Amino acid sequence: MAHKPEYYRTDLWVDWCPGCGNYGILTALTQAIAELGLDPVKTVVVSGIGCSGKTPHYIRVSGVHTLHGRAIPFATGIKLANPSLTVIVEGGDGDLLGIGAGHFVALGRRNIDLTVIMHNNQVYGLTKGQASPTLPRDMRTKSLLKPNIQDMLNPLVLAIASGYTFVARAFALDVKHLKEIIKQAIMHKGASFIDVLQPCVTYNDVYTVQFYRKAIYRLDDESNWDPIVRDPSEEYEKKMKAIAKAQEWGASIPVGVFYHNPLVPSFEERLQGRLRYYIENPPARQSITVNGGAPLIDDRRMRKLFSKKIVPVRSRRPSD
Amino acid sequence: MSLRELKMVIGGPQGAGLETILQVLTTALAHNGYGVLSGREYHSNIIGRHSYVLIRVSSYEIPRSLTYPVEVLAAIDPETVFTHYNDLAAGGFLIYDIGGEDIHVGKIVSMGRHLRERIEEELSREGVEPIIKELVNYLESKGVKTLGLNYREIVSELREKYGVPPAKLVRYTSSIVVGAIAGLIGLDAESIHVGFSYKFAGKEKLVEPNVYIAMRVAEIVRKLYGAPLALEESRLPYTEYMIVSGNDVVAMGKIVGGVRFQSYYPITPAQDESFFLENYERLVVDGEQLASIVVLQTEDEIAAITTAIGASLAGARAATATSGPGFDLMVEGLSWAGINEVPVVITYYQRGGPSTGLPTRGGQSDLFAAVFSGHGEFPRIVVASGDHLEAFHDAVEAFNLAERYQLPVIHLLDKFLANSVVTIPVPSTHDMTIDRGKMISHVENPFEYKRFSLDGPVSRRAPLGHAVMWYTGNEHDEYGHITEDPVLRIEMYTKRMKKIELADREIPEEQRAQLYGSDDPEILLVGWGSVKGVAIDVVEMLEKKGIRVGYLHIHYMSPFPRRRVSELIDKIGLENIIAVEHSYEAQISKLIAMHTGKMIRKEIVKFTGRPIYMHELATAVSRILDGRDKVVLNYGA
């Protein structure tokens with residue numbers, strides 16, 4: 001049964017700054033969940049640390065608010081233990097691409113069916129505005145003592161290079177568009193990444209709402225833009241085009257789906273190939289006991305399983 | 001006359017087949033009913049550095065500890081002869097390659113300068129030129145019997161007989177050693193065949209040429225000496241043995257205990273456990289797939305612990321395995337599991353630190369790390385296993401405790417146990433239960449579920465997917481939402497801390513600290529982990545000399561068995577108690593002091609990364625009885 005987005009909201013006070021881009025992301029995510037009619041019990045939002053980290057508490061599906069940078073591995077464990085759950089990762093740019101960069105890359109390599117939504121505001125908000133990995137070099141937001149000395153990381157290129165099979169960008173305050181992208185990402189069976197441009201009204205006076213409104217254009221509006229890999233032979237070319245497109249930054253910033261490859265097997269499918277009943281009977285749902293408490297692997301089964309480790313003692317010589 | 005027991009050192013360059021020799025001999029000996037224990041020493045290196053196994057075989061017990069001197073030293077290369085010649089008992093046998101007779105110790109660059117110089121110095125004091133030939137003569141003059149074989153000539157027979165290509169001949173050197181030892185002990189062809197068949201199960205073509213070489217060498221030895229080291233017929237009552245390393249038994253315990261998710265990042269000496277589990281990822285018995293285990297190699301240890309926590313939140317029994325440097329990285333996850341009351345098992349194999357200190361050697365210097373690491377206060381259970389059977393049972397119990405009290409459990413082991421191979425009776429699951437604690441699968445109103453309900457230290461736990469719930473590393477309310485309310489903070493904090501008090505009441509102290517030897521000892525050794533076997537052996541040895549000695553084995557570090565330990569200390573008197581540990585500080589005595597207010601001042605410690613050997617512990621105890629307060633042990637190459 002379909003519910004309205006309000007059904008999926010908790011009654012907690014949202015403690016983001018007034019005007020924060022996170023509100024747009026929260027609204028879009030809630031709407032996407034509502035429109036997909038996801039079961040709140042079977043849906044889990046996993047977050048890291050920082051402003052974005054609080055998101056799960058405002059949505060009435062299960063929420064796991066984890067450690068700085070570690071949302072992806074937590075989500076990986078949840079999803080692999082029970083692949084019937086819909087698992088969505090929320091993280092900031094510092095969270096996912098700074099402290100959590102290794103996990104970000106690993107998820108791409110595994111192509112687990114997770115949706116990663118990155119709240120990209122180029123700063124570390126909750127610790128008062130330090131530069132994050134997505135802030136360009138020499139840029140100086142109002143909270144920085146000195147211009148940024150490090151180069152920026154391109155999240156879309158990194159995602160594509162890492163193996164994410166759905167890579168998109170959206171603007172936090174274009175809720176309708178973001179909602180559609182989130183829906184596509186959740187529906188995609190594989191690792192999805194959405195770079196959400198999210199203005200930080202308190203610390204980032206460079207990448208403001210006004211800035212984005214002027215610079216952003218939709219990939220959908222380009223008549224010949226087709227990010228979908230429909231045959232393995234197209235993979236290389238589509239990746240290259242997406243990477244080239246992802247380089248555009250500044251006066252014109254594309255949003256939309258950059259790359260979408262539904263042909264790569266998900267990690268769950270890879271596991272199913274090895275474990276046979278993995279999807280139907282995943283780790284979290286298996287019974288580990290018999291007769292109300294004895295181990296499933298009893299003496300007889302243990303002996304059979306480990307027979308290669310058991311050596312019989314030969315019978316004594318007759319003289320004994 | 002035949003022997004009750006026998007010790008052997010077999011050495012050679014890493015990668016030269018020591019593992020094969022060990023497996024074949026252990027299997028062959030077990031097949032004849034003997035109890036076998038072996039330790040493995042190796043460098044942090046893949047091929048070339050010196051590696052050896054020390055094996056103790058017994059006809060009357062399953063050996064608990066290793067000791068020197070040895071009756072057999074089998075050398076694959078000259079380095080082994082130089083490194084271990086001092087380990088040989090008078091009247092012992094040296095098996096070596098006469099092809100290397102002219103090698104000078106100074107030429108063996110794989111050896112390390114310090115050791116080369118030390119040996120050169122040692123030998124020059126004895127007036128021996130440091131050349132294999134001269135060293136062999138010297139050993140003979142000391143009563144050692146030497147058995148020089150031409151390794152290359154022997155294996156070259158396989159060229160014609162089995163068509164083994166020349167480049168592969170060297171692989172059969174291990175069979176020469178097996179054969180020489182078989183000859184000395186008097187192992188028959190059937191035993192050797194069983195040994196190689198187990199080793200090469202599935203690669204039957206390798207069995208025949210290996211058995212051929214081994215029996216050929218055994219025959220040479222028999223002609224020269226008879227079977228001078230023949231063991232007594234075994235008096236052990238077992239009709240079968242399981243041959244396992246510490247890594248193996250822990251993995252087996254996890255399988256019996258119902259592990260369904262294991263994540264790990266490769267690190268010595270933990271990785272073999274995860275390999276074992278991956279080998280059993282599909283639990284198939286009689287053609288039926290009973291279950292499956294997801295074994296995930298993660299990108300780092302932070303991901304290893306956090307994926308395991310995630311899997312546990314979803315309801316799977318989940319674990320990770322690591323050693324010191326990896327555990328350091330896991331600590332932020334540990335604290336998160338603590339505040340979120342997550343049942344997760346961390347199998348922690350200690351090695352020689354700090355940092356990568358002695359990465360392939362043993363130690364017990366991570367006791368404090370296991371017990372105290374993490375920021376903030378939260379309860380954890382720490383169980384430390386003393387031997388293989390205990391490790392099996394603890395691996396099962398670790399999951400039960402984790403789920404019963406909903407907290408992280410650290411299963412503390414060490415490299416000595418991980419890499420030692422022993423023959424044990426097949427463990428039984430007969431008395432085992434799987435206790436999932438307050439796990440529920442049905443929630444009446446899934447929107448009103450309180451994961452952290454305050455009606456007791458342990459709340460009903462529904463896995464993700466059965467109700468709407470929240471988890472956060474922040475302090476939280478009963479639903480799992482963030483709170484900074486001071487009143488709620490006290491309630492929630494206290495609820496968590498009460499778990500360890502509950503565990504302290506419920507887990508019997510006899511299970512957490514065991515007394516071996518005299519139940520009314522004059523002298524008490526106190527230790528934990530791998531000290532157990534050697535301490536019990538020394539206790540038995542001293543009891544035969546009429547000294548009433550006991551060994552107090554601390555099995556649980558948390559909740560600490562403080563009443564029992566405190567009472568024993570009072571009864572025996574601090575001045576009669578000796579802490580034994582693989583560390584500099586004897587951390588256990590400080591942990592005991594923390595819980596009981598009683599500080600043990602006498603200690604025997606070893607931090608070379610090598611095991612504590614029975615002969616050196618026995619000597620050290622008598623030195624303490626003579627008035628010393630501290631003895632630092634150092635035996636072993």
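No hydrogens, no waters, no symmetry mates; every other heavy atom, side chains included, goes into these values. Lettering follows sequence order; numbering is per chain, from 1. All values derive from a computational prediction rather than experimental measurement.
- In this structure, B:Tyr280 contributes its side chain and A:Leu305 its backbone to a donor-acceptor pair below 3.5 Å.
- Ionic pairing of B:Glu240 and A:Arg314 is not present here: no N-O contact between side-chain nitrogen and carboxylate oxygen is shorter than 4.0 angstrom.
- The part of B:Val285 that comes within reach of chain A is its side chain, from C-beta onward, which places non-hydrogen atoms under 4.5 angstrom from that chain.
- B:His31 contributes a side-chain N or O that, together with a main-chain N or O of A:Pro312, makes up a donor-acceptor pair within less than 3.5 Å.
- In this structure, A:Phe306 and B:Phe276 have tilted ring planes: the angle between them lies in the 30° to 60° band.
- Considering every non-hydrogen atom in both B:Arg260 and A:Gln286, the closest pair reads NE-OE1, 2.7 Å.
- Although no hydrogens or angles enter the test, the distance criterion places a donor-acceptor pair under 3.5 Å between the side chain of A:Ser62 and the main chain of B:Ala467.
- Tested against A:Ile297, the residues B:Leu290, B:Ile434, B:Thr429 include a single side chain to side chain contact (heavy atoms under 4.5 Å, CB included) partner, B:Leu290.
- The contact between B:Thr298 and chain A is made by backbone and side chain atoms together, counting heavy-atom distances below 4.5 Å.
- Within the 4.5 angstrom heavy-atom criterion, no atom of B:Asp435 approaches chain A.
- Side-chain contact check for B:Met432 versus A:Asp298: every heavy-atom pair is 4.5 Å or farther apart.
- Judged by distance alone, with hydrogens and angles left aside, the side-chain atoms of A:Lys42 form a donor-acceptor pair with the main-chain N or O of B:Gly465 at under 3.5 Å.
- For B:Glu332 and A:Arg70, the salt-bridge test passes: some basic side-chain N is under 4.0 Å from an acidic carboxylate O.
- Scanning all heavy atoms of the two residues, the minimum distance from B:His466 to A:Val41 falls at C-CG1, 3.4 Å.
- Of the listed residues (B:Val396, B:Asp248, B:Thr26), the greatest number of heavy-atom pairs within a distance under 4.5 Å of chain A belongs to B:Asp248.
- In this structure a side-chain-to-backbone donor-acceptor pair under 3.5 Å is present from B:Tyr198 to A:Ile310.
- For B:Glu278 and A:Arg274, the salt-bridge test passes: some basic side-chain N is under 4.0 Å from an acidic carboxylate O.
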